[in-house]
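Encoded as structure tokens, the structure appears first; notes follow it.
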2 protein chains.
Amino acid sequence: MPAVSDCINMLDSETKAVETPEDHAEELRLWLRLLTCTTLIEGEVRGRLRQRFDVTLPRFDLMAQLDKAPDGMTLSDVSKRMMVSNGNVTGLVERLVESGHLDRRTSETDRRVQVIRLTKLGRAEFRRMAAEHEAWIADLFADLTPKDVRELMRLLAKTKASAQKSAARSRP
Amino acid sequence: MPAVSDCINMLDSETKAVETPEDHAEELRLWLRLLTCTTLIEGEVRGRLRQRFDVTLPRFDLMAQLDKAPDGMTLSDVSKRMMVSNGNVTGLVERLVESGHLDRRTSETDRRVQVIRLTKLGRAEFRRMAAEHEAWIADLFADLTPKDVRELMRLLAKTKASAQKSAARSRP
DNA sequence: GGAAAACATTTTAGGCTTAAAACAATTTGG
DNA sequence: CCAAATTGTTTTAAGCCTAAAATGTTTTCC
């Protein structure tokens, strides 16, 4: 039979991970910095889009998706690509159809599906905005060298893969 | 007097930046990847907070700010730290006071100012959530080596500085 | 001292966002 | 074939978020 002191030691050692949890302060700081960068840039782009073109960022993002898909996309496609909820897309599309930027029609092969496309107006306006938008992004990242950009791309790819794995683990 | 062909060449050369704009596709891709990473992680954290603690991410973020400030913060401080609008904070605080997590009082030295603090309940609940939250973040970044983390920190610091400079340029 | 500027917060109006439930159409498997 | 599961979208209820205007307070500076 172990002595009392042994029991205490065993307990301490067994529960160590709980009592003195590992230090993940670095990862936490990294996450906060990542979030700060994104929030900063996103806010800047949002403001410039509003001031310059009187358009919201979500509308711009949706149009950007459609610009890459001349044959149109389904609402589900858009929702997955933009990583937003289905209901969100429904509302966004509604307003963009209303303003004449989007064309929405029910698929002829599957009546559940709505296919949306940019209208001529929508495409023209998007192209005009996209050109300036690209210049803004270039300016926001202007202090990064090409090497910095490559390195960030690599590390963010790794981050994305890591996060996706973690997300998959959390819902089997 | 220059020949016609010279005029054309001059025109081409002078308008080159407009006609064949510089290629900033790399920066654009970087921005999209940055945004994807953040959205992915943010969505994951949001979902886990909701499922595990029935709390929203903005509430958690606000409580995190206050946990670091035992003497409380003004609404403006919070608004700047969280990089959200003033009105947004007003609403968030209202709901957290309502639920008993926050204490709000008018400053005695400046009657414009509202000072908010975590209540005992608020602090206890936050600490409980924060412990798990830190583990989630560690897991989401699990595939990054310590060197990756350091390098990302460095590059994101550079990115933040670059974006802040660009933002300052755009509103003198 | 008092008008004007600056500041902190709230209000307003509109849009964005989500999760969950509801609905509609298609596919699947007995 | 047809009931059950799946898929695509919309609806609902609640909360988040912003920009701009409004309100109340303090500071500045003639």
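Numbers restart at 1 for each chain; the letters A, B, ... are given by sequence-line order, proteins then strands.
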To the nearest angstrom, how far is [X] atom [atom1] from [N] atom [atom2]?
| X | N | atom1 | atom2 | result |
| --- | --- | --- | --- | --- |
| Arg48(B) | dT18(C) | CZ | P | 17 Å |
| Asn88(A) | dT18(C) | CG | C1' | 8 Å |
| Leu57(B) | dA19(C) | CG | C1' | 15 Å |
| Glu98(A) | dG15(C) | CD | P | 10 Å |
| Phe60(B) | dC16(D) | CZ | C1' | 17 Å |
| Met73(A) | dT9(D) | CE | P | 11 Å |
| Arg105(B) | dA8(C) | CZ | C1' | 18 Å |
| Arg111(B) | dA6(C) | CZ | P | 22 Å |

Mind checking if [X] touches a base, just sugar-phosphate, or nothing, with heavy atoms under 4.0 Å?
| X | result |
| --- | --- |
| Ser76(B) | sugar-phosphate |
| Ser79(B) | nothing |
| Asp110(B) | sugar-phosphate |
| Thr56(A) | sugar-phosphate |

So, does [X] get its side chain near the phosphate of [N], meaning an N or O under 4.0 Å from OP1 or OP2?
| X | N | result |
| --- | --- | --- |
| Asn86(A) | dG8(D) | no |
| Arg104(A) | dT10(D) | yes |
| Arg95(B) | dA14(D) | no |
| Arg59(B) | dC16(D) | yes |

- Closest to side chain of Thr90(A), choosing from dC16(D), dT11(D), dC16(C):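 Looking only at side-chain atoms, Thr90(A) lies closest to dT11(D).
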
- Verify the neighbour count for atom CZ of Arg117(A): are there more than 12 heavy atoms of other residues, nucleotides or ligands below 6.0 Å? yes

- Message: Would you say Ser170(B) and Glu44(A) are linked by a side-chain donor-acceptor pair, where the criterion is simply a distance under 3.5 Å?
- Response: yes

- Message: Any N or O donor-acceptor pair under 3.5 Å from the base of dT7(D) to the side chain of Arg112(A)?
- Response: yes

- Message: Could you walk me through whether Lys147(A) and Glu151(A) satisfy the salt bridge (Lys or Arg N to Asp or Glu O under 4.0 Å) test, starting with their C-alpha distance in whole Å, then the side-chain angles of each, then the deciding distance to 0.1 Å, before giving a yes or no?
- Response: CA-CA 6 Å; Lys147(A) 188 182 165 199; Glu151(A) 196 60 4; over 6 Å; no

- Query: Are any of the side-chain heavy atoms of Leu144(A) and Leu30(B) separated by less than 4.5 Å?
  - Reply: yes

- Quick one: on DNA chain C, does Val89(B) or Val84(A) contact a more 5' nucleotide (nearest heavy atom)? Val89(B)

- Would the Phe60(B) and Phe53(B) ring centres measure less than 6.0 Å apart? no

- Query: Mapping Asp77(A) and Arg46(A) onto DNA chain D by nearest heavy atom, which one lands closer to the 5' end?
  - Reply: Asp77(A)

